[in-house]
Amino acid sequence: WFYDTSIEYSMGDWYAFVQGNSRSGGLIDKFQQYDDQYLDYNGDPIDRFRGYTVWNGGLGYNISDDVTLRVIANNLMDYDGTEDDVFDKEINFISIGRQVTASLNWRF
C-alpha cells in the first residue's frame, strides 16, 4: 500500500506543510509456495519488506486571493536509498536526493 499523510498550519497569509509519502511493509506475496521463493542479496529467504516514509515540506505565502508564492523541499531527510536502517536493499529505492523548488501560482 502507498499512502500520503499531510499536516498543514496557516497563520494569516502564511502557511507551512509537511507531507509523508509512505509505503507500508508486509508480505511480499501472500500466495508464496516455497519458503525460499524470494531471496535477499545474501541469498537468505525473505517473505516481507519493511515500510518506509519519505518526507516533503514547504512554506507558502498568499499574496492575494489569486496569487500564491511557494517554496517546497522534497525528500527532507535527503534519502538516496542506501540507508539500511530505513530501506530494504531488495526494494531498489533510488532517489536523487533533496530537491528544492519555488513556484508562483496565479489563478485566472
Side-chain angles (χ1 to χ4, degrees):
W1 293 88
F2 294 93
Y3 51 96
D4 295 332
T5 305
S6 298
I7 298 172
E8 183 173 320
Y9 177 78
S10 62
M11 186 168 61
D13 291 331
W14 289 92
Y15 65 92
F17 69 91
V18 176
Q19 178 186 37
N21 298 317
S22 303
R23 175 183 170 179
S24 61
L27 293 174
I28 297 170
D29 181 356
K30 67 180 182 178
F31 300 111
Q32 185 170 332
Q33 295 180 358
Y34 309 103
D35 289 340
D36 63 350
Q37 187 168 342
Y38 298 97
L39 303 175
D40 65 12
Y41 286 134
N42 296 325
D44 299 318
I46 58 173
D47 64 352
R48 63 191 64 237
F49 288 131
R50 288 180 294 171
Y52 63 85
T53 300
V54 177
W55 296 97
N56 303 323
L59 182 64
Y61 180 72
N62 295 316
I63 297 170
S64 70
D65 288 341
D66 297 325
V67 180
T68 304
L69 178 64
R70 299 192 312 170
V71 175
I72 302 166
N74 292 324
N75 193 2
L76 288 172
M77 307 306 262
D78 201 20
Y79 292 143
D80 62 7
T82 61
E83 295 81 10
D84 291 338
D85 58 331
V86 179
F87 305 103
D88 291 322
K89 291 184 287 189
E90 292 78 16
I91 66 169
N92 294 321
F93 180 89
I94 298 171
S95 173
I96 59 173
R98 186 179 303 125
Q99 300 172 358
V100 178
T101 57
S103 68
L104 179 67
N105 300 328
W106 175 34
R107 275 189 298 192
F108 56 92

For [X], what residues pass the side-chain hydrogen bond (donor to acceptor under 3.5 Å, both in side chains) criterion, not counting sequence neighbours?
X: Asp40; result: none
X: Thr5; result: none
X: Asn74; result: none

Each residue besides [X] in its hydrophobic cluster should be listed here, by chain and number; the cluster joins Ile, Leu, Val, Met, Phe, Trp and Tyr at side-chain heavy-atom distances under 4.5 Å.
X: Ile96; answer: none
X: Tyr41; answer: none
X: Ile63; answer: Trp14, Leu59, Tyr61, Val67, Leu69, Leu104, Trp106, Phe108
X: Ile7; answer: none

Answer whether the closest heavy-atom distance between the side chains of Arg23 and Ile91 falls below 4.5 Å.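 Yes; the side chains approach each other to less than 4.5 Å.
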Measure the shortest side-chain to side-chain distance between Phe2 and Asn21 over non-hydrogen atoms and say whether it is less than 4.5 angstrom. no
Can you name the side-chain contact (heavy atoms from CB on, under 4.5 Å) partners of [X], sequence neighbours left out?
X: Ser103; answer: Arg70, Asn105
X: Ser22; answer: Tyr3, Thr53
X: Leu27; answer: Lys30, Asp47, Arg48

Asn62 versus Thr68, side-chain donor and acceptor atoms under 3.5 Å: yes
Do Ser64 and Asp66 have a side chain donor and acceptor closer than 3.5 Å?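 There is no such pair between these side chains.
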Just jot down the salt bridge (charged side-chain N to carboxylate O under 4.0 Å, His left out) partners of Arg98, sequence neighbours excluded, or say none.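 With neighbours one apart ignored, the set is empty.
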Evaluate Phe93 against Val86 for side-chain contact (heavy atoms from CB on, under 4.5 Å), listing each step before the verdict. CA-CA 10 Å; Phe93 180 89; Val86 179; over 6 Å; no
Find the distance between CG (Leu39) and CD (Glu90) and round it off to the nearest 0.5 Å.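 Here the rounded value is 9.5 Å.
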d(Asn56 CG, Gln19 CD) to nearest 0.5 Å is 5.5 Å
Restricting to non-hydrogen atoms, name the atom on [X] and the atom on [Y] that form the minimum distance, rounded to 0.1 Å.
X: Gly57; Y: Leu76; answer: N-CD1, 3.7 Å
X: Tyr15; Y: Ser10; answer: CB-CB, 3.8 Å
X: Lys89; Y: Asp84; answer: CG-OD1, 3.9 Å
X: Asn75; Y: Ser95; answer: ND2-OG, 3.1 Å

Whether over 12 other heavy atoms sit under 6.0 Å from Asp44 CG: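 Yes, the 6.0 Å shell around CG holds more than 12 heavy atoms from other groups.
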Partners meeting ring pair (Phe, Tyr, Trp, His ring centres under 6.0 Å) with Phe49 (sequence neighbours left out):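 Per chain and number, Phe49 pairs via ring pair (Phe, Tyr, Trp, His ring centres under 6.0 Å) with no residue.
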Do [X] and [Y] share a hydrophobic cluster (ILVMFWY, side-chain heavy atoms under 4.5 Å, transitive)?
X: Val71; Y: Val18; result: no
X: Ile46; Y: Tyr52; result: yes
X: Val54; Y: Ile72; result: no

